[in-house]
Protein chains: 2
Amino acid sequence: MKRVWESTEREKKVLDLYIKLRRSVSSVERRIASKNPLPERLTMSQFAVLEALFFHGPLPQHVIAEKILSSTGNLTFVIDNLVKAGLVKRVPDERDRRIKNIQLTQEGSELIAKTFPNVADAIVTSISVLTDQEIDELSRILKILGTEQRN
Amino acid sequence: MKRVWESTEREKKVLDLYIKLRRSVSSVERRIASKNPLPERLTMSQFAVLEALFFHGPLPQHVIAEKILSSTGNLTFVIDNLVKAGLVKRVPDERDRRIKNIQLTQEGSELIAKTFPNVADAIVTSISVLTDQEIDELSRILKILGTEQRN
DNA sequence: ATCTAATAGTTTGATATGGAATAATAGGCG
DNA sequence: CGCCTATTATTCCATATCAAACTATTAGAT
């Protein structure tokens with residue numbers, strides 16, 4: 001194979017780190033999924049929306065999108081399905097008629113209240129391989145990485 | 001809001017860590033994407049396949065799937081598009097006729113050789129906010145998290 | 001040799017995802 | 001007030017993703 005790219009030690013480490021970062025996320029997610037914390041009728045995206053509404057009250061779509069790291073285009077579809085399932089309602093905002101506040105229905109509220117502890121427990125379990133100290137350190141470094149900065 | 005879930009300190013930290021983990025990945029990915037390291041015609045998935053082939057030579061689909069963290073079902077679609085674009089070929093394995101080895105074409109090989117350095121550079125830049133020490137520490141902890149273990 | 005279990009890849013269906021275009025509305029400014 | 005620009009949500013399109021069902025093939029057991 002032709003050598004087209006020579007890398008420094010640091011470059012190698014960084015590329016390796018990037019792969020580890022992705023792998024660790026999918027690994028954690030697989031562990032979470034393996035505990036089946038969600039009821040049949042909910043997908044992870046749907047859960048994320050319900051959770052945001054549960055903890056913050058009614059929210060317009062673009063706020064939800066930002067919270068759950070999704071595009072608004074995408075969210076329309078997710079919320080459509082939640083509406084069909086009777087778990088949320090779209091309530092037109094009185095002040096700004098572009099806005100439709102997304103609101104939990106009674107049924108949605110009960111479902112997320114019942115489901116959240118399971119998911120939280122699955123997440124905690126999936127990360128339980130780390131010591132308290134590692135959790136703190138990881139938290140500190142990821143915070144830097146997750147901060148938006150100019151390139 | 002009704003309190004349905006009381007958490008310990010550690011639980012709070014872990015849930016917070018999980019969010020940070022996801023955010024940092026999408027944040028890093030956004031920074032990578034913002035440098036536009038890929039040519040028009042390539043998606044990230046396609047790039048990942050080409051990269052694997054470039055560094056490992058021809059591979060059967062299920063091996064590629066494992067390397068790039070994708071399902072084989074999904075990969076069929078990605079590779080279909082690469083075949084259409086003339087960047088890879090499906091070559092039936094002589095020994096095991098279930099297997100089709102995926103092989104770079106001349107064009108695919110040239111494209112990935114030209115593209116890889118851009119992507120590598122974008123990744124390195126996106127993580128350049130971390131110090132060498134933080135990279136090592138993060139690498140160590142993520143390795144633990146990425147390891148498959150019983151739940 | 002034949003039967004059975006495992007493996008490789010494809011197909012299908014549902015959901016997810018981002019980007020671009022569109023429509024409706026809001027809010028600022030002359 | 002009326003125009004201009006930004007914001008919000010929707011729609012559409014291509015790609016991505018997983019799971020499950022399915023086909024072909026191989027390998028192991030008897």
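Values below: all heavy atoms of this structure, side chains included; hydrogens, waters and symmetry mates excluded. The structure displayed is predicted, hence computed values, not measured ones. Order of the sequence lines sets the chain letters (A, B, ...), proteins ahead of strands, with each chain counted from 1.
- As a whole-Å value, the separation of Ile64(A) CD1 from dA9(D) P is 9 Å.
- Bracketed by its first and final contacts, the part of DNA chain C lying under 4.0 Å from non-hydrogen atoms of chain B reaches from dA6(C) to dT11(C) in 5' to 3' order.
- Atoms CZ (Arg98(A)) and C1' (dT8(D)) sit 5 Å apart, rounded to a whole Å.
- Whole-Å rounding puts the Leu42(B) CG to dA16(D) C1' distance at 15 Å.
- Taking the side chain of Pro60(A) as heavy atoms from C-beta on, and the options dT26(D), dA9(D), dA16(D), the nearest nucleotide is dA9(D).
- Contact annotation: Thr43(B) reaches the phosphate of dA16(D) (side-chain N/O to OP1 or OP2, under 4.0 Å).
- Between Ser45(B) and the phosphate of dA16(D), there is a side-chain N or O to OP1/OP2 separation shorter than 4.0 Å.
- An OP1 or OP2 oxygen of dT7(D) is reached within less than 4.0 angstrom by no side-chain nitrogen or oxygen of His62(A).
- Judged by distance alone, the side chain of Thr76(A) and the main-chain N or O of Thr72(A) form a donor-acceptor pair under 3.5 Å.
- Using bins of under 30°, 30° to 60° and over 60° for the plane-to-plane angle, the ring pair Phe55(A)/Phe116(A) lands in the perpendicular bin.
- Side-chain contact check for Glu137(A) and Gln133(A): no donor-acceptor pair (N or O, by modelled atom type) lies under 3.5 Å.
- With Asp16(A) as reference, Lys20(A) is the one residue of Lys12(A), Lys20(A), Lys13(A) to meet the side-chain hydrogen bond (donor to acceptor under 3.5 Å, both in side chains) rule.
- Nearest-nucleotide positions on DNA chain D for Ser70(B) and Lys100(A) put Lys100(A) closer to the 5' end.
- With hydrogens and angles disregarded, a donor-acceptor distance shorter than 3.5 Å links the side chain of Thr105(A) to the backbone of Gly86(A).
- Looking at Val124(B) and Tyr18(A), their side chains never come closer than 4.5 Å, going by heavy atoms from C-beta outward.
- The CZ-P distance, from Arg97(B) to dA27(D), rounds to 11 Å in whole Å.
- Here Thr72(B) lies in heavy-atom contact (under 4.0 Å) with a base.
- The pair Arg90(A)-Asp80(A) counts as a salt bridge, with a side-chain nitrogen and a carboxylate oxygen less than 4.0 angstrom apart.
- If you check the side chains of Ser27(B) and Arg31(B), you find a donor sitting under 3.5 Å from an acceptor.
- Sorted by residue number, the members of residues 74-95 of chain B with any non-hydrogen atom under 4.0 Å from DNA chain C read Thr76(B), Arg90(B).
- Classification of Lys100(A) and Asp93(A) as a salt-bridged pair fails, no side-chain N sitting under 4.0 Å from a carboxylate O.
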